[in-house]
Amino acid sequence: MPSVAVKLYSVFFKLLLKHRLHGWIDGGAAAATATAGHFGITSRPEESMAPANPSFGPDGVATKDIHIDPLTSLSLRIFLPDSSLPRPKPHPAVRSLDPPRRNSCGGNAAPANDRAARRSSFDAPRSAAENGVGGGSYRGYLPSVAGDGRHRSGGSRKLPVILQFHGGGFIAGSNTCAANDVFCRRIAKLCDVIVIAVGYRLAPENRYPAAFEDGLEVLNWLGKQANLAECSKSLGDVKGGGDGDSKRADIVDTFGASTVEPWLAAHADPSRCVLLGVSCGANIADFVARKAVEAGKLIEPVKVVAQVLMYPFFIGSVPTHSEIKLANSYFYDKSMCVLAWRLFLPEAEYSLDHPAANPLVPGRGPPLKCMPPTLTVVAEHDWMRDRAIAYSEELRKVNVDAPVLEYKDAVHEFATLDMLLKTPQAQACAEDIAIWVKKYISIRGHEFSY
């Protein structure tokens, strides 16, 4: 059973959430919608936010926030692990005296002075002219740029990309909140990937399909970024080797709405893209996966190779066994989640069998056999678990790799909720996800068994 501390925290959590939900139901939703408009909001004032840090910190992950749509509040936080950086070549006359140490995977860890040199060479402040930005020096990491506008790879690695969608019942949560920041950093390091955490628009200010459209827009934006980066590289090849004093080439799309994102241009491999959704974010991830399948080659060079659904926010009009037995479970009980669905779905479309809510309703395209490999994570004390397991079973019936990881004595959001992030279960869950994901993002093939 969950600990006493978890039970007490759950009680207060549910009281606060119920108060907020009933406030919106009783008329606050209309006022919030009128205030935010189409632009929307991506976070709540009561959320504890983690600032972005574009330099590589002690955990070896740099972060930056970007806003990609001038018409909405849709935003992203990019998590870049230092494994993407080239290792500095040691001076032949200098040898480290540090004894080799074992890392968590059993290999030798890099000496401390090597790690420090590796980070300092990329975090050193540069002038505005060097970085192509105005107004003072930029103290974060920026890939080296040649005089002809091309990124110097210098041994940099191209890493897979994980698009991450946070939880919060569509009405709360944020891609930049402290808990989500910790979780994404953990995934970036364990999976050795670039994580792009999506700040989609929240309800009730923006109801369905706003959050789902934001998820799809980010997938399309990722493809556009890959194409813009290739255009930038091609333009540099045409210009030739530049004299070093020439201006950096800035490539924009037809309407000037997107410029080349340097971290992604230098380090991202969108042909190895994984979708990861937490709670209601899993519903968004599954929707984006379906749209990616329907689009096919239209989204190239992006290729969704797998998805991870962490305790998805599924529901239906016909209750499952767990929905009956665990209806009053920890943190998110069924009655609160029904209220959240009322606030998220337009009144004219409200139904617990809405395609966004119930993955088992007929008529949801495309055919399940076309879906990417899908890992589902469920918790023992989560009333939503049975429907998630049933969806996974349907995928396996059509030969999709769709394992289920069930964690004993766990509650909804056990691996992503702020007070539970440091528990052994949360760490083990992230490690299990990394093992499975690496089967599909490895360049050399399926070296990892599951």
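Position 1 is the first residue of the sequence; numbering continues from there. Heavy-atom basis, side chains included; hydrogens, waters and symmetry copies ignored.
- The minimum heavy-atom distance between Ala289 and Gln307, with the atom names listed, is CB-OE1, 3.7 Å.
- In this structure, the side chains of Leu326 and Asp382 stay at 4.5 Å or more apart for every pair of heavy atoms.
- A ring-centre distance under 6.0 Å is found for His267 and Tyr141.
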_Between Leu360 and Glu394, does the side-chain contact (heavy atoms from CB on, under 4.5 Å) criterion hold? Intermediate values first, please._
CA-CA 8 Å; Leu360 303 176; Glu394 292 300 313; 3.9 Å; yes
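- Here the side chains of Asn358 and Arg387 are in contact, with some heavy-atom distance below 4.5 Å.
- Checking each of Ser271, Pro372, Pro270 against Val304 for a side-chain contact (heavy atoms from CB on, under 4.5 Å) leaves exactly one that passes, namely Pro372.
- Annotation: salt bridge (Lys or Arg N to Asp or Glu O under 4.0 Å) contacts involving residues 409-428, sequence neighbours excluded, are absent.
- Between Ile187 and Val193 the shortest heavy-atom distance is O-CG2, 4.0 Å.
- At least one donor-acceptor pair closer than 3.5 Å links the side chain of Asp386 to the backbone N or O of Ser322.
- Distance CG/Leu74 to CG/Asp69: 6.0 Å, rounded to 0.5 Å.
- The minimum heavy-atom distance linking Leu190 with Ala430 is given by the pair CD1-CB, 3.6 Å.
- At a threshold of 4.5 Å between non-hydrogen side-chain atoms, the residues Tyr332 and Leu17 count as touching.
- Of the possible polar contacts, none joining the His321 side chain to the Glu323 backbone as a donor-acceptor pair under 3.5 Å is found.
- Between Leu264 and Trp221, the closest side-chain pair of non-hydrogen atoms falls below 4.5 Å.
- At distances below 3.5 Å, not a single donor-acceptor pair connects side-chain atoms of Ser75 with backbone N or O atoms of His67.
- Classification of the Phe414-Tyr407 ring pair by plane angle, with boundaries at 30° and 60°, yields tilted.
- Within the 4.5 Å cutoff, side-chain heavy atoms of Phe79 are placed close to those of Arg185.
- Ion pair Asp82/Arg157 not flagged as a salt bridge, since none of the NZ, NE, NH1 or NH2 atoms sits closer than 4.0 Å to an Asp/Glu carboxylate oxygen.
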Ignoring hydrogens and angles, write down the donor-acceptor pairs under 3.5 Å from the side chains of residues 162-178, residues two or more places apart or on other chains.
residue, atom, partner, partner atom, Å
Gln164, OE1, Asn180, ND2, 3.3
Gln164, NE2, Asn180, OD1, 2.8
His166, ND1, Tyr200, OH, 3.4
Ser174, OG, Thr176, N, 3.1
Ser174, OG, Thr176, OG1, 3.1
Asn175, ND2, Ala197, O, 3.1

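- Residues Leu352 and Ala357 come closest through the heavy atom pair O-CB, 3.7 Å.
- Crowding of Lys334 atom NZ: a count of heavy atoms from other residues, nucleotides or ligands under 6.0 Å exceeding 12.
- Contact of the Leu276 side chain with the Phe183 side chain is registered, since non-hydrogen atoms from C-beta on lie closer than 4.5 Å.
- With sequence neighbours excluded, the residues satisfying side-chain hydrogen bond (donor to acceptor under 3.5 Å, both in side chains) with Arg290 are Asp286, Tyr391.
- Using a 4.5 Å cut-off on side-chain heavy atoms (C-beta onward), Trp383 and Ile315 make contact.
- In this structure, the separation between CG on Asp401 and OG on Ser392 is 9.0 Å, given to the nearest 0.5 Å.
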*Please lay out, stage by stage, how Ile441 and Val305 fare under the test side-chain contact (heavy atoms from CB on, under 4.5 Å).*
CA-CA 7 Å; Ile441 61 175; Val305 297; 4.3 Å; yes
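- Going from atom CD1 of Ile66 over to atom CG of Leu76 covers 5.0 Å, rounded to the nearest 0.5 Å.
- Annotation: His412 is in aromatic contact with Tyr311 [ring centroid separation under 6.0 Å].
- For the atom pair CZ of Phe344 and CZ of Phe313, the computed distance is 10.0 Å after rounding to the nearest 0.5 Å.
- Between Arg77 and Asp181 there is a salt bridge, since at least one side-chain N of the basic residue sits less than 4.0 Å from a carboxylate O of the acidic one.
- Considering only heavy atoms from C-beta on, Pro373 comes within 4.5 Å of Trp436 through its side chain.
- Leu309 CG to Leu375 CG: the interatomic distance, rounded to the nearest 0.5 Å, is 8.0 Å.
- Tyr9 approaches Leu417 most closely through the heavy-atom pair CE2-CD2, 4.2 Å.
- Ion pairing between a basic and an acidic side chain is recognised when a charged N comes within 4.0 Å of a carboxylate O; Lys291 and Glu217 show no such pairing.
- Under a 3.5 Å cut-off, the side chain of Glu47 and the backbone N or O of Met49 do not form any donor-acceptor pair.
- Panel note: side chain Ser442, backbone Lys439; no donor-acceptor pair is recorded below 3.5 Å.
- Scanning all heavy atoms of the two residues, the minimum distance from Ile299 to Ala292 falls at CD1-CB, 3.8 Å.
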_Before you tell me yes or no, could you show the steps for Asn220 and Lys224 under side-chain contact (heavy atoms from CB on, under 4.5 Å), namely the whole-Å CA-CA distance, both residues' side-chain angles and the distance that decides it to 0.1 Å?_
CA-CA 6 Å; Asn220 291 326; Lys224 182 186 293 184; over 6 Å; no
*List the steps, then state whether side-chain contact (heavy atoms from CB on, under 4.5 Å) holds for Tyr208 with His354.*
CA-CA 11 Å; Tyr208 175 87; His354 190 285; 3.4 Å; yes
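- Between atom OG1 of residue Thr72 and atom CD1 of residue Ile41 there is a gap of 13.0 Å, rounded to the nearest 0.5 Å.
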